There are 2 protein chains.
Amino acid sequence: MTGHTFFEDLRNGEITGVAYKNLQLKKQILSWFVNTGNATIADLSRELNASVPKVGELVNELITDGLVKDYGKIEAAAGRRPNVYGLEPDSFFFVGVDIKQYYVNLGLGDFRNNLVRTQEKVPFHLKNTPEALNRLCDIISEFIETSGKGKRKVLGIGVNLSGRINFKSGYSYSFFHFQEDPLSKVIEQRLGISTFLENDSRAVAYGEFSSGSYTHEKNAFFINLEHGIGMGLLLNGQLYYGKSGFAGDIGHIPVFDNEILCHCGKKGCLETEASGAALTRIFIQRIREGASSIVAKRFPNPGDIQLEDILEAVKQEDMLAIELIAQIGEKLGRGIAILINILNPELVILGGALASTGDYIMLPIRSAINKYSLTLVNNDTRLVLSRKGEQAGMSGACLLVRDRLLALID
Amino acid sequence: MTGHTFFEDLRNGEITGVAYKNLQLKKQILSWFVNTGNATIADLSRELNASVPKVGELVNELITDGLVKDYGKIEAAAGRRPNVYGLEPDSFFFVGVDIKQYYVNLGLGDFRNNLVRTQEKVPFHLKNTPEALNRLCDIISEFIETSGKGKRKVLGIGVNLSGRINFKSGYSYSFFHFQEDPLSKVIEQRLGISTFLENDSRAVAYGEFSSGSYTHEKNAFFINLEHGIGMGLLLNGQLYYGKSGFAGDIGHIPVFDNEILCHCGKKGCLETEASGAALTRIFIQRIREGASSIVAKRFPNPGDIQLEDILEAVKQEDMLAIELIAQIGEKLGRGIAILINILNPELVILGGALASTGDYIMLPIRSAINKYSLTLVNNDTRLVLSRKGEQAGMSGACLLVRDRLLALID
DNA sequence: AGTAGTTAATTAATTATTTTATTAATTAAG
DNA sequence: CTTAATTAATAAAATAATTAATTAACTACT
């Protein structure tokens, strides 16, 4: 016993020798609780290759720090019943902020990946101005104050932003890059709480991968189908960033021989024909060419039609919308087939607004994958729709902050 | 001191407690020597967070086992000079077998990644028959016997084979899959030495990544340009396999809208227009259409022209060959641009037969990458030519066996 | 050349951890 | 209802590791 708390030790870079090893073992214990769930002293001792008294001592210290809880005795086939231990959900909390184009979702997550409070679709217009940044900070600040847990109980804030993000430096290259300091530091100073920035698709991906059904998968994609196309990659069981954190940019891979200029400045990007933006563009064009659709009736000016309207129309079985979403799916499938051939994943999760059309987009994607990727490889790959929807963004942001602060990931 | 050698402990799965921890620390010490080079006791103690006496004890045990060597004292700015320790090259050896279409390269590698003996271009025709397998075993067996080191000194054999390989099970899906047992086991039983199978491009990639210049890179591709296109991926500092070991299949990603049937059964594969095979096909076709080339003179029947002849012609500045290799490069570059966008690597190494044409293929690739991938992302990426050539295959095979047997990788 | 200042290696002392033994808690069988 | 069997938790003993102290080896400066 050093008398220092887990977090004090963690922040102390000078820690060596016995204290260092104890800290490492504590991290392993917490990591086990996070990834595998509750466990007995005997379980931990066996799995982490440490003696029972040692594990018992460290677990007790973690209980003293408020991070771990004794969940009481459990059933046993025979013999004395063991106590199980696990994370203490009420010890500390994390705030996940999921920034969309026209609104923000905020979630307060506990240690065990439950969103104890959420505030969805808070009006906010994502613009690259100091005013928008101020407004964002105010929204987060008010959310924390009204959450009733007290600011000191909030260990960290995770912010999901679209575009290229370098999470290590905390810089955003697409929004709020008008000051010298990295964005994460700016928010941190405004709110007085540790803040981590993350690419939105990657954060959602982390939420999906860490939640329930998919914790055993080691190599997976999460494909975020909104106006643009984003992706989060799980490779060898780790979130993959690439050299500067720009990995996963599937939207701008050159796969078409078209002349459509993408907003990235290049031609032939996947996004030009297989994104929500492309769907909207093509839909409006077809309406203007005289195609019939239930959407057309509601909009005297076809230019006013939004992506949401088209997706709504799919659900109402509008023929034009269904036809076009299938086309988009077919093209997306070709892009995904490329990835499957290269990375041989076990799981592909489709999420984002377009994924809400269910089989209408999923089946064309599946058939394109079968057509364009090698059977031996794509047989390994399960294709599923996200079932978490908007939750995944907030939850992923909270999880990333938790796991970074506990130094379970780097 | 348990009295057991490192390898005995390693094989003993039942090992627990103190002995287990000592074994782990020994692995870390060896790993340090492998990846970072020689070190003093003090260095190791600092880096591995273990005390000086403990490290000293374990290093001495490793010396007793013959794995580690005392390299004597080194210079120091002040104070008593430390002894440095490192791998003992002569303790054990590994055999790397690089199987090509019409020949085999064999190399005997020591603990420090030196090929102490090689036997290149041993005639061998890669066919999917028991006879070919027998001949292969004979070749390996003779190489070991004539190497002069004694069979007992050979710790393992690494075999590189093209096509899809599952290294964990030891199965090959493209060659020698006519028996029930995995191929690695068959060879192992024939020769009496532990054998590991690996995809050829991945093995070469490992050789390149582990050798000298590129040990600091964490995310890199090695692209193997032969008749087909293969790739080895290093992601987050680890060789990447995907779910079943099929990752890296860049040759069959669908990027063209052509009608050329690939040998994989699909259309539009990158290989159909951007491989050595495509180069040969197009070259012959152009000759038949009446194009002039120095190669044409040597072959009354254009159908007899081989890839090697065309590559030779490039070096002699044959205009047709140069024109076509640039075309191939441009198309390859587009495929590589896709990968760069998705994986944001820091290094791309071009290897294989086509890479021997140097700038003739490299420059078109580079310009296509600039054209098709995002500047922010491709600025991170260094594109280089392999300088190891045929050596990389043998060396990579040896390294993979070494690191697997030392349990440095899994 | 001698000495102060450094750093390595070794040894001794101390601290920490694991192992073993013991006690406690529980189930199932007789 | 008692006892044997089983497993957990705790305590004591034995072992092992670290830390601190010492000695050794070397440099540079006076």
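The sequence lines fix the lettering, A, B, ..., with proteins before strands; numbering per chain opens at 1. Small disclaimer: the values here were computed from a predicted structure and weren't measured.
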Could you work out which one of C:dT17, D:dA17, D:dA9 sits closest to the side chain of A:K54?
-> C:dT17

Could you give the CG-to-P distance, from A:L44 to C:dT18, as a whole number of Å?
-> 14 Å

Round to the nearest Å and state the distance from B:I74 atom CD1 to C:dA8 atom P.
-> 9 Å

Gap between atoms CD1 and C1', on B:I41 and C:dT7 respectively (whole Å) | 14 Å

A:E57/A:K26 ion pair, N-O < 4.0 Å | no

At under 4.0 Å between heavy atoms, what does B:N22 touch on the DNA or RNA strands: base, sugar-phosphate, or nothing?
-> sugar-phosphate

Would you indicate which nucleotide in C:dA8, C:dT18, C:dT17 comes nearest to any side-chain atom of B:K21?
-> C:dT18

Pick the nucleotide of DNA chain D nearest each of A:P82 and B:E75; which residue has the one closer to the 5' end?
-> A:P82

At under 4.0 Å between heavy atoms, which parts of nucleotides 19-26 of chain D does protein reach? Answer with one letter per nucleotide, 5' to 3': B base, S sugar-phosphate only, - none.
-> B----BBB

If you draw the axis of the six-membered ring of A:Y241, does the NZ or CZ of A:K243 fall within 45° of it and under 6.0 Å from the ring centre?
-> no

Between A:K218 and A:E346, does at least one N-O distance fall below 4.0 Å, as a salt bridge requires?
-> no

Could you tell me how the ring of B:F7 sits relative to the ring of B:F92: parallel (under 30°), tilted (30 to 60°) or perpendicular (over 60°)?
-> perpendicular

Would you indicate whether the side-chain heavy atoms of A:L23 and A:I15 approach each other to under 4.5 Å?
-> yes

Please determine if a side-chain N or O atom of A:N83 lies less than 4.0 Å away from the OP1 or OP2 oxygen of D:dA9.
-> yes

Provide, to the nearest angstrom, the distance between the OH atom belonging to B:Y85 and the C1' atom belonging to C:dA8.
-> 10 Å

To the nearest angstrom, how far is A:D43 atom CG from D:dA8 atom P?
-> 8 Å

Side-chain ion pair, A:R112 and A:E88, N-O less than 4.0 Å = no

